[in-house]
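Reading through the structure tokens given below for one structure.
Numbered from 1 within each chain, the chains take letters A, B, ... in sequence-line order. As a basis for the values below, the full set of heavy atoms in this structure was taken, side chains included, without hydrogen atoms, waters or symmetry mates.
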Amino acid sequence: MADGVEVRHLGQHVDQVVEITGWVQTTRSHGKIGFVVVRDGTGAVQCVVAKKEASEEVWQTFADLTQETTVRISGQVRADHRAPGGHELTVTALDVVFASVDEFPIQPKEHGVEFLLDNRHLWLRSSQQRAGLRVRDEVEMAIHQFFYDRDFVRIDTPILSGAIGESAGTLFETDYFGDKAYLAQTGQLYVEAAAAAFRKVYCFGPTFRAEKSKTRRHLTEFWMVEPEVAFADSDDNMRLQEEFVSYLVQRAVERCADELAILERDSKALENVKPPFPRVSYTEAIAFLQEKGHDIQWGSDLGAPDEVAISDQYDRPVFVHDYPKAAKAFYMKENPDDPRTVLCNDLLAPEGYGEIIGGSQREDDHDRLLARIRDEDLPEEAYAWYLDLRKYGSFPHSGFGLGVERTVAYITGRRHIRELIAFPRMINRLYP
RNA sequence: UGGGGUGUAGCUCAACUGGCAGAGCGCCCGGCUGUUAACCGGGAGGUUGCAGGUUCAAGCCCUGCCGCCCCAGCCA
């Protein structure tokens, strides 16, 4: 088994006889010549069986193949322009490793979304799904590389916690030895603590929101990367974000050209994604939207159509910064130049992908933070340790959270973020 | 939660004004030596989401319920 060849390396074995293992993607039979396309996880190759040249046994095995049968094939590698991928295999031996005992549900044709999600465990084998998840893998590797290269320390934050986070109504509750525990909806508060230990830190992991959202931009379980930097202000924070997002996008463009082609993503739309990104204050954004006829007043949060109208003005992601205090979380630092607002930013991706980052400078003053916790009626005891960070050598610091699925959806041009996670969790989907 | 849409064969969809429930793909059988979601001929495959109602007659009309999709809100 170990001496087999991966399909992606077939070009190095032209005219040699090699063995491959994989799954039957399609078969086409013509009476005395047959074609079987085999996918091995690294690529797909067309294998040719000619009745005149193959043994009776090989011919009969070929005739019985069905979609997704697991096979082991030996054959001679030939360069042939008629074959997808440029190479094909002239079959000399063909063995069924495991039969595909029923009709494979997912056929090479259109299917409905519900059916595909019910069969997500099988849908993963499709070329566009494979391509999307490959880009995700590249982006995740790029995330770690970016921060490792800049001396950030990765901190793995807890998934189970007491009541702590942004707003209580959207937490998944679970039993914890007779007490209530909640699934994390952010690692931010914990990386704030770690920032005083390592200066530059980030966490990366799943996060859970019990929001009853039913949009193409929401999952109940999604992955988020959250850097936190000591002695960084809001402007430093936005500079880090534009450098970070540009790095992720360019990494995918450079290293996932094949995948983006399979996804029919025009990478020209991504080539402009380089610093600096445009910056629009919330107050400027409201003026712009009112001029465009949107029904919106200073003080209310931006809705999805508002965000689209703003991001449509630019060829790369755009920052909207310094939102009204009331529209944002309790831990954000008040803007000294305009106390109605806090030092924060969203990063809006182009083409209607919406908010891929939310970030802010954190409130570093103990008494102001305590006042905000009381204003919002949050359980003070649960935040005692968080307030401690402002008692023992407080420090200016900023950070942000980037949603992995939204970012990869934007990069790949997929409409719905549920395709960019292997097993999406949504309000009405816990299977498979 | 609100607005809009939708539910028919394993899958994707048709079925005129209420009048015999159909096609393509997949599957099975047969044919074909260069196919690219091959093609040609034949076959099997149905509680039209569920429960009521109107009617000589309901996939189609009415009422209720359920599922799903899209949009909005919430957010990354």
Go through the steps to decide whether A/Lys214 and A/Met426 satisfy the test side-chain contact (heavy atoms from CB on, under 4.5 Å), and finish with yes or no.
CA-CA 8 Å; A/Lys214 292 178 79 170; A/Met426 295 177 288; over 6 Å; no

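- Using modelled atom types and a 3.5 Å distance limit, the side chains of A/Asn345 and A/Gln241 yield a donor-acceptor pair.
- When the side-chain nitrogen and oxygen atoms of A/Asn428 are compared with OP1 and OP2 of B/C68, one or more of them lie within a distance under 4.0 Å.
- Comparing A/Ser29 and A/Val48 by the nucleotide of RNA chain B whose heavy atom lies nearest to each, the residue mapping closer to the 5' end is A/Val48.
- Between A/Ser398 and A/Ser234, the shortest heavy-atom contact is OG-N, 3.8 Å.
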If the sugar-phosphate is the primed atoms plus P, OP1 and OP2 and the base is the rest, what is the B/S/- string for nucleotides 4-15 of chain B, using protein heavy atoms under 4.0 Å?
------BBS---

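- You'll find a donor-acceptor pair under 3.5 Å spanning the side chain of A/Ser213 and the base of B/C74, going by distance alone.
- Each of A/Arg406 and A/Lys52 has a nearest nucleotide on RNA chain B; the 5'-most of these lies closest to A/Lys52.
- At a threshold of 4.0 angstrom between heavy atoms, the contacts of A/His416 are confined to the sugar-phosphate backbone, with no base atom among them.
- Taking every side-chain heavy atom of A/Glu114 into account, B/G67 is the closest of B/G67, B/G73, B/G34.
- In this entry B/U35 has no Watson-Crick or G-U wobble partner, no candidate having both defining distances under 3.5 Å.
- If you check the side chains of A/Gln76 and A/Gln16, you find no donor sitting under 3.5 Å from an acceptor.
- Counting atom types as modelled, A/His218 pairs a side-chain N or O with a base atom of B/C74 as donor and acceptor under 3.5 Å.
- With B/C71, B/C75, B/A37 as the choices, the nucleotide that has an atom nearest any side-chain atom of A/Arg415 turns out to be B/C71.
- For B/G67, the OP1/OP2 oxygens have no side-chain nitrogen or oxygen of A/Arg429 closer than 4.0 Å.
- Applying the 4.0 Å criterion to OP1 and OP2 of B/U35, one finds that A/Arg28 has every side-chain N and O outside that range.
- Taking the ring centre of A/Trp298 as origin, the terminal cationic atom of A/Arg340 falls inside the region bounded by 6.0 Å and 45° from the ring axis.
- When heavy atoms are screened at a 4.0 angstrom cut-off, A/Gln46 is found touching base atoms of the nucleic acid.
- Looking at A/Val318 and A/Ile310, their side chains come closer than 4.5 Å, going by heavy atoms from C-beta outward.
- Between the side chains of A/Thr26 and A/Gln67, no donor N or O sits under 3.5 Å from an acceptor N or O.
- Within 4.0 Å (heavy atoms only), A/Thr207 reaches no atom of the nucleic acid at all.
- Using a 4.0 Å heavy-atom criterion, one finds that A/Arg217 contacts the bases of the nucleic acid, with or without backbone contacts as well.
- Using a 4.0 Å cut-off, no side-chain N or O of A/Arg216 falls inside it from OP1 or OP2 of B/A72.
- A distance-only check finds no donor-acceptor pair linking the side chain of A/His294 to the backbone of A/Ile296 [under 3.5 Å].
- Checking the phosphate oxygens (OP1, OP2) of B/U36, no side-chain nitrogen or oxygen of A/Arg82 falls inside 4.0 Å.
- Of the residues in residues 349-356 of chain A, those with a non-hydrogen atom less than 4.0 angstrom from any atom of RNA chain B are A/Glu355, A/Ile356.
- At least one test fails for A/Arg279 against the ring of A/Phe277: distance under 6.0 Å to the centre or angle within 45° of the axis.
- If you check every strand for non-hydrogen atoms under 4.0 Å, A/Asp301 touches sugar and phosphate atoms only.
- Between the side chains of A/Arg150 and A/Gln145, not a single donor N or O lies within less than 3.5 Å of an accepting N or O.
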